[in-house]
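In listed order, ligands and their atoms are each counted from 1.
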Amino acid sequence: MKITCVETIPFAIPYLKPLRFASGEVVCAEHVLVRVHTDEGLVGTAEAPPRPFTYGETQASIIAIIDTILAPQIVGLSPLEREMAHAKMNRTVGNPAAKSAIDIALWDLIGQTVGTSVTELLGGFTDRMRVAHMVGFAPAREMVAEAIRIRDQYGIQPYQSDVEVCRALRANLGADIELYIDGNRGWTAAESVRALRAMDDLDLMFAEEPCPADDVLGRRWLVSQTSVPIFADESVARPSEVTRELLAGAATGISIKTARTGFTYSQRVLHLCEGLGVDVVMGNQIDGQIGSLCTTAFGAAFASTSRRPGELSNFLDMSDDLLTEPLIIADGEMLVRQGAGLGIVIDEDKLAHYRQDTGTRGVASPTHLPTKTRKQVTMTQTTEQDATAAETGANATKVFQEKAKTGHQVSQERVATLASQTLAAIHDVIRRNDVTYAEYDALKAWLIQVGADGEWPLFLDVFVEHVVEEVVNANRSGTKGTIEGPFYIPGAPEFQSEATLPMRADEAGTSLVFQGQVRNLAGAAVPGAKVELWHADDAGFYAQFAPAIPEWNLRGTVIAEADGKFKFRTIQPAPYQIPHDGSTGALIAAAGWHAWRPAHLHLKVGAPGYQLITTQLYFQDGSYLDSDIASAVKPELMITPTPSGEGDGNEVTYDFVLDPA
Ligand code: BEZ
Ligand code: FE
C-alpha cells in the first residue's frame, strides 16, 4: 500500500463562548482536517489545531507546510514506513501540529490495515480515560458555576488559576476532587512561588507551566521552593526538550499532547519519562472531538498515561463538530472508539458546511443550516395563486396518513433506545444554553401550532429526512438518493418509454427533454424499469398541493424500453420557497434563515429484482445549491441541460444505476 496524497481541509466551528488563557483567547476553532489517502482506498484521518500564540502555527501555515513541503516527501511511501516519513519530515524543524496530524493519520491507516484499534497497537492498557475539564478565565463566581455544572453534568472534577478562584473551587467542590492549575507562563517565578504558597492548603495535584521555562534559573528555583509538582507543557514540544527540562531540574512532570507530538513522538516522550521515573498527564491543545478521540486512544494505551484524568473536555465548548457519532463523557470517563484504526468517521454534510475552502463558510451561521437571508433573494415572481402553508400542510398530512396505514411496527427496544437518546440530546441543549421558562413556553406553543397547521410532514422532511436518507442509503453503490419530501403522490399516469408529462396548454417555463438509461452495477441495461418524475412548475408550485393546478400536472411514470432507455418531455422547474406562512416558516423567520429550495426534479427509479431509489436532480449553477433549506443537494445529482436538438428549449441525459434488491 502506498500513500497517494495528503488532503488538507480548513474548517471553522465557532465556540459557544470565548476561551481565555494567559497566552491568548480563541472564539472559533479554525483547524485543519488532514486525510492521508492510499492507493488501496484506505484513508487515515486526523485534526491539526493551530496554536499561533504558542507554537507559531496558523491554519494557513499548516496547510501550506503540508501541501508544499511535507506531503510531497511522504507520497509514495507505505504508511508502515513511519520512521522514514518522520526522517523526511524532520528535515524541516518546527510545525508540530502539521507533522503530528500526519503521524496520527498514518497510525489510523496502520490500524485499519491490520484490523486493530490504535489503542491496542500502542499498548492496549485500558479502553477508557478519566476526563479533566479546563475552566477558562472568568470572574470567580462564573468559574465556580461552570465547574459545578461540568461536575454535575459529566461527573468530572474541575480546576483553575488564581488563588481566590482555586480557594472558591476547593470550597465549593469538596476535598475529594483532583484540582490542578495551568498558568500558561502567566506568572513570574517569584509570583508562582508566592501563589503556590498561598494555595498550600488547597492540595493541588500539580501546577502546569506557571512561569516561562526560558527563565532557566527561576524555574529551577521554583521547583526547589514548592511541594506542588511543576509540570512542563509548551516548553516540552519535542523529546529533546523533555530531556533538557528534566535534566535542568525545571520540571517534575510532563504534559503529553498528541496534537503536538503525534503518536510516534508521544510514545518517545512517554518512554523517556518512564525511564527517568517522571510523572505524565495527557494534555489538550484546544482539540475538537477528533483530537480528543486521538488523545483518548493514546492515553488509554498505557498505564502511566491513563493514571491521571486527561484534558479531554474542550470540545464541550464548541458549537458543533465533524464526527458522525459525537464523543460522550459519562461518569467522568471517555471510552476509546472500538474497531480498526482510530474509528474517526466524518459527517460529510458538516464538513461541507464548515470547510472554508469552498463557497460556504461555517462561522456566520450558528447551526448546520443555510446562511443566506431572505433579503438576498431575487426570484421568479409568481402570478399563480399562492399555496398557503395551511392548505399544503393539510394535504401533506392527509397523503402521509394514507401511506402510514401500511406502516411498520417499531419494537419496544428500539423505541426505548431512540426515545431516550433523543430526550438526552434535548436535555443537553437545554443545559448548554441555560434555557429559560420563556423559551420553553415558546417551544411548547410552537410545537402545538405545528400540529394544528398539519405541518409535521413539512417540518420533518425539511429538517430531518436528509439524515434518515443518508443513514438508510449509506451502503448503496448505485445512483445517490436524496429526500422524497412531502409532495410525492403515488399513482401518477403511466407511459411507455416516452412521456410528455401532463401540463397546461399554456404551461410556462423552458421546455426540457429529460432522457437516460437505467442500468445495473455491472453496467447492463435493466429491462422493465419504471422511472417516475414529479416536479414544481415554473412558479415553484406542485399539483395537488397548490390551488388552481390540474391534478397530476407535471407528474408521470415512464416504463423504460428493454434497453433501459426512457424519455420525458416537460418544462424546467423553478426554485421555490417551501410553504412559509405557517409554523415552519415562523421558525425559519425567527432564526433568520431563508426558506428556498434550489430548482429540482424529483425521481423514483425501480425495477423487479432491484432496490427502488428515490432521488432529485439539480441544475448546475442554479440558485440556493449551497444553502438548500432541506439540506438535500449532493454533488452527484447535478445536471447541465444544453439547447435541444429538437427545437425550443433544453435537453439533458442522466443515467440511473440500480443496486440489487
Ligand atoms: C420537496 O423537495 O418537495 C420538499 C422537500 C422537503 C420539504 C418540502 C419540500
Ligand atoms: Fe420539491
Side-chain angles (χ1 to χ4, degrees), residues 349 368-370 379-380 382 384 386-400 403 450 453-470 472-473 480-490 492 501 509 512 514 532-546 549 552-556 568 570-589 591 593-605 613-619 622-634 637-639:
D349 276 357
H368 172 220
L369 280 163
M379 258 300 307
T380 336
T382 173
E384 224 165 75
D386 278 15
T388 65
E391 278 164 312
T392 315
N395 281 353
T397 301
K398 211 165 75 212
V399 169
F400 179 76
K403 172 175 157 192
V450 178
D453 293 345
E455 284 199 30
W456 279 117
L458 177 68
F459 173 80
L460 290 168
D461 292 353
V462 170
F463 292 114
V464 180
E465 190 191 350
H466 70 282
V467 186
V468 178
E469 188 280 324
E470 171 194 308
V472 168
N473 287 335
K480 282 268 175 229
T482 191
I483 65 172
E484 177 178 298
F487 299 145
Y488 173 65
I489 306 219
L501 283 190
L512 177 71
F514 171 62
E532 183 165 7
L533 173 66
W534 74 102
H535 61 83
D537 66 12
D538 185 55
F541 293 107
Y542 283 88
Q544 277 111 312
F545 289 90
I549 306 181
W552 303 117
N553 206 60
L554 303 176
R555 295 175 185 268
F568 288 95
T570 183
I571 55 105
Q572 289 189 189
Y576 60 85
Q577 297 191 72
I578 60 147
H580 56 283
D581 58 327
S583 36
T584 306
L587 171 70
I588 291 170
W593 304 329
H594 74 63
W596 290 93
R597 292 222 62 213
H600 56 274
L601 303 173
H602 286 270
L603 290 131
K604 281 182 185 282
V605 184
I613 187 77
T614 300
T615 192
Q616 299 180 23
L617 295 174
Y618 300 90
F619 295 81
S623 306
Y624 313 110
L625 288 170
D626 60 359
S627 63
D628 176 14
I629 185 68
S631 309
V633 178
K634 298 184 182 179
L637 299 177
M638 294 295 156
I639 51 174

Assess the pair Y576 and H535: is the distance between their ring centroids shorter than 6.0 Å? no
Using a heavy-atom cut-off of under 4.0 Å, does the side chain or the backbone of Y576 touch ligand 1, or both, or neither? side chain
Can you list the atoms of ligand 1 that are under 4.0 Å from a heavy atom of I578? 8 (C)
Using a 4.5 Å cut-off on heavy atoms from C-beta on, say whether the side chain of F514 contacts that of L501. no
Could you tell me the residue and atom name of the protein heavy atom closest to atom 2 (O) of ligand 1, and the distance to it rounded to 0.1 Å? R597 NH1, 2.5 Å
Presence of N, O or S from Q616 under 2.8 Å of the Fe ion (ligand 2): no
Per-atom contacts, ligand 1 versus H602 - under 4.0 Å to a heavy atom: 1 (C), 2 (O), 3 (O)
4.0 Å heavy-atom contact, E484 with ligand 1: no
Close side-chain approach of L617 to L603, heavy-atom, < 4.5 Å: yes
State whether the side chain of E455 and the backbone N or O of S583 hold a donor-acceptor pair below 3.5 Å, judged by distance alone. yes
E465 and ligand 1 - part of the residue with a heavy-atom distance under 4.0 Å: neither
Nearest-0.5 Å distance that lies between atom NE2 in H602 and atom OG1 in T482: 9.5 Å
List ligand 1 atoms under 4.0 Å from I483, heavy atoms only on the residue side. 5 (C), 6 (C)
Short N/O/S contact of H602 with the Fe ion (ligand 2) (below 2.8 Å): yes
Those atoms of ligand 1 less than 4.0 Å from some heavy atom in L458: 8 (C)
I'd like to check which ligand 1 atoms, numbered from 1 as shown, lie under 4.0 Å from a non-hydrogen atom of Y542. 3 (O)
Nearest non-hydrogen contact to atom 9 (C) of ligand 1 from the set P486, G485, A536 belongs to P486
Evaluate the side-chain proximity of I578 to I588: yes if any heavy-atom separation is below 4.5 Å, no if none is. yes
Can you give me the OH-the Fe ion (ligand 2)-NE2 angle for Y576 and H600, to 10°? 100°
The closest protein heavy-atom partner of atom 7 (C) of ligand 1 is V462 CG2, 3.2 Å
Please could you name the atoms of ligand 1 that D461 approaches to less than 4.0 Å, counting only its heavy atoms? 6 (C)
Please report the interatomic distance CH2(W456) to OG1(T584), rounded to the nearest 0.5 Å. 8.5 Å
Hey, what's the ring geometry for F463 with F459, parallel, tilted or perpendicular (30° and 60° as the breaks)? tilted
The side chain to side chain contact (heavy atoms under 4.5 Å, CB included) partner of I489 among Y542, W552, W534 is W552
Exactly one candidate in E484, R597, K480 meets side chain to side chain donor-acceptor pair (under 3.5 Å) with Q616; the answer is R597
